[in-house]
Amino acid sequence: MNAEPCTYVIFGATGNLSRIKLMPALYHLDAANRLPEGTRIVGIGRRPWDQKKWLSEVRDMIEQKSGNDFDETIFQRFSDRLQYHQGDIEQPPCYTELAELLNDKKFPKNIAFYLSVSPSEFGNVMEMLSDNQLFDEEDGWRRVIIEKPFGYDLDSAQALQKRISHYLTEEQIYRIDHYLGKGMVQNVLVFRFANIMLEPIWNRNYIDHIQITHSEEIGIDSRGDYYNGAGAMRDMLQSHLLQLLTLVTMEPPASMAAESLRDEKVKVLKSIRPIAKEAVHGHAFRGQYAQGHIKGEKVNSYLQEEDIPANSVTETYASMKLYIDNWRWRGVPMYLRTGKRMAKAQSTISICFRHPPLQFFRDTDVQCMNQNWILLGIQPEECIRIEMTVKEPGLEMSTRTSSLDASFRNDDEKAIDAYEDLLLDVLKGDRSLFLRFDEVEYAWRIVDPILQTWAIERDYIATYPSGSWGPEDSRLFDKSAQSWRSSLTPECK
Ligand code: BG6
């Protein structure tokens, strides 16, 4: 698919996401000659900045992210694309003035609106864009990128969808889940569907259970306001982790085309066994970080963070067990967990295979044997490892675990930020890595009973020391032989 010149209009251009991700990603795309000739970027912000101040702000954003890779010549070219539009997005003049600005011939008529604003503002922003005919596609396409969370629960997601569908068709909506833009996440599909040896064993006959962990060392920084209303279940599990689960467990799609891929992902979400309210405690666990140490530094508890009420029971750690009731996965537990202020920052998918029969070794020194695992490191280490049992050198018949490594990035191959990939896909009109509404809807259906139960249990939440692997939640596991796996190197049991 070819990318056509377009105008990227970023709402919330002075905010965190734009600083850390969007502007650096657009700059890197420009540096890689991937932004079509004539592409322009309009940043909308409330602050009374002129063009000069905006350019110096964007320079800071990019320098901070690029470090030694910052290139003055490329930045000059990039800055020619930039335009600041000062306005209050809650007020109509912001939109009439924007419509006037975009009328200028220097702005391509294909326009992508990136809504990096609070979800509560999505509806109003779209209504005012629509009132100013900015979604009319007479002389170019119009696309809207929406950040998560899409709604707060199933009802609010449906209400939001109903409202935005007054202004936009589904083809114009790009619901972003930046996890799908990560190189290693896309590699999960290649690993599964380009290696024929995996398919026969990728099912309940061979796989004991699957774990997905996303742990972070950082706390909530200055996002207290948003985070306290969301919590880990909404912030990470309902979106990113369930998406990872669908990619690992879905049936092979007919093709990589958006609808084929999304159809298969939805089928997985629909097949997940609903969690009854009375079963929530057996399927989900929540915790909140207490004081502790990260990299040797003492850090505050969640309750001591800025904007957090003293009696908050918002979870900063959430884990859950799911079952996918289909032919491939019936009876295989899927364990998902995420937390802030944990021992290590990493995202991994760990697939644990069943034990082989050990009869063969009965008269030897082999006492027990580790199971085979497939480990997919998403970040920071990107890797694919298969753990096998091998004989130890020597006269005895004893074994150890060895790891076959199919890591795919060479030292001279640069990692690409997820946003680069996704921002380019919007220009190309490729929606395969964006969420269709039914995916969001079914994901809410899965977590809603948990959220509803937690919402009324407001007296107590387990805590865990910052810098640990989270609270004690082993009750989630089906068997005593199952436990969280935190390492990408062989673990001896
Ligand atoms: C965001 C969450 O969607 O993903 C954050 O809102 C979280 O709380 C972040 O820190 C993690 O993304 P990444 O790419 O740093 O793993």
Side-chain angles (χ1 to χ4, degrees), residues 12 15-22 24-25 28 64-65 114-120 122 145-152 174-188 212-245 247 286-289 294 299 302 305-308 312 314-319 336-349 376-383 415-423 433-435 439-440 443-444 447 466 470 488:
N16 224 14
L17 183 76
S18 166
R19 278 171 191 284
I20 299 173
K21 297 289 187 186
L22 304 181
H28 286 133
Q64 271 179 24
K65 275 297 272 202
Y114 199 117
L115 268 47
S116 173
V117 295
S118 152
S120 58
F122 290 163
I145 304 128
I146 319 177
E147 269 291 333
K148 64 154 244 296
F150 193 91
Y152 184 77
Y174 288 68
R175 295 179 197 83
I176 204 164
D177 182 315
H178 78 278
Y179 261 62
L180 297 180
K182 291 186 190 272
M184 188 55 208
V185 174
Q186 294 172 39
N187 209 0
V188 170
I212 301 182
T213 292
H214 169 87
S215 55
E216 296 180 70
E217 284 172 2
I218 54 167
I220 53 159
D221 295 329
S222 52
R223 300 164 76 214
D225 224 12
Y226 152 75
Y227 197 88
N228 200 54
M233 182 62 89
R234 289 188 177 87
D235 186 52
M236 286 297 305
L237 258 164
Q238 184 271 348
S239 46
H240 308 318
L241 266 60
L242 281 180
Q243 280 294 318
L244 292 184
L245 181 68
L247 297 179
R286 62 176 172 167
Q288 194 183 73
Y289 61 80
I294 297 278
V299 295
Y302 178 71
E305 304 278 19
E306 211 181 303
D307 297 325
I308 303 303
S312 170
T314 295
E315 78 286 357
T316 59
Y317 173 97
S319 52
L336 277 55
R337 69 171 164 165
T338 183
K340 298 219 178 265
R341 286 281 189 236
M342 293 190 41
K344 200 171 169 193
Q346 69 177 21
S347 299
T348 50
I349 301 172
L376 305 170
I378 309 287
Q379 62 183 32
E381 196 181 346
E382 292 178 315
C383 67
I416 290 180
D417 188 84
Y419 279 91
E420 291 176 39
D421 212 344
L422 297 172
L423 289 173
L433 298 178
F434 293 83
L435 309 186
E439 289 180 73
V440 178
W444 279 123
V447 302
S466 289
L488 287 169

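Whatever order the structure lists them in is the order used to number ligands and atoms, beginning at 1.
With Lys340 as the partner, the side chain to side chain donor-acceptor pair (under 3.5 Å) test is satisfied by one option alone out of Glu217, Glu216, Glu315: Glu216. Of the residues listed (Gln186, Lys182, His178), the one engaging Asp421 in a side chain to side chain donor-acceptor pair (under 3.5 Å) is Gln186, and it is the only one.
Geometrically, Arg337 does not engage Tyr317 in a cation-pi contact defined by less than 6.0 Å to the ring centre and at most 45° from the axis.
Closest to atom 10 (O) of ligand 1 among all protein heavy atoms lies Glu216 OE1, 2.7 Å. Summary of contacts: the protein heavy atom closest to atom 14 (O) of ligand 1 is Lys182 NZ, 2.6 Å. Residue, atom and distance of the protein heavy atom nearest to atom 15 (O) of ligand 1 are Gln379 NE2, 4.2 Å.
Counting heavy atoms from C-beta outward, Leu22 and Tyr419 have side chains that approach closer than 4.5 Å.
With ligand atoms numbered from 1 in the order given, ligand 1 contributes 1 (C), 3 (O), 4 (O) to contacts under 4.0 Å with heavy atoms of His240. Listed by number with element, the atoms of ligand 1 under 4.0 Å from a non-hydrogen atom of Lys148 are 1 (C), 2 (C), 3 (O), 6 (O). Residue His214 approaches ligand 1 through these ligand atoms, each under 4.0 Å from one of its heavy atoms: 16 (O). Atom numbering of ligand 1 starts at 1 in the shown order; those under 4.0 Å from a heavy atom of Lys340 are 5 (C), 7 (C), 8 (O), 10 (O).
Here's the thing with His178: one of its N/O atoms is less than 3.5 angstrom from an N/O atom of ligand 1. Not one N or O of Tyr227 is nearer than 3.5 Å to an N or O of ligand 1, by distance alone. Residue Tyr226 has no nitrogen or oxygen atom sitting less than 3.5 Å from a nitrogen or oxygen atom of ligand 1, judged on distance alone. Distances between N or O atoms of Ser347 and those of ligand 1 include no value under 3.5 Å.
Using modelled atom types and a 3.5 Å distance limit, the side chains of Asp177 and Ser239 yield no donor-acceptor pair. Residues Ser118 and Ser120 bring a donor and an acceptor atom of their side chains to less than 3.5 Å of each other. Between the side chains of Tyr227 and Asp221, not a single donor N or O lies within less than 3.5 Å of an accepting N or O.
Shortest non-hydrogen contact noted between Tyr114 and Ile145 is CE1-CG2, 3.6 Å.
Nearest-residue assignment for atom 2 (C) of ligand 1 (options Thr316, Asp417, Asp235; heavy-atom criterion): Asp235.
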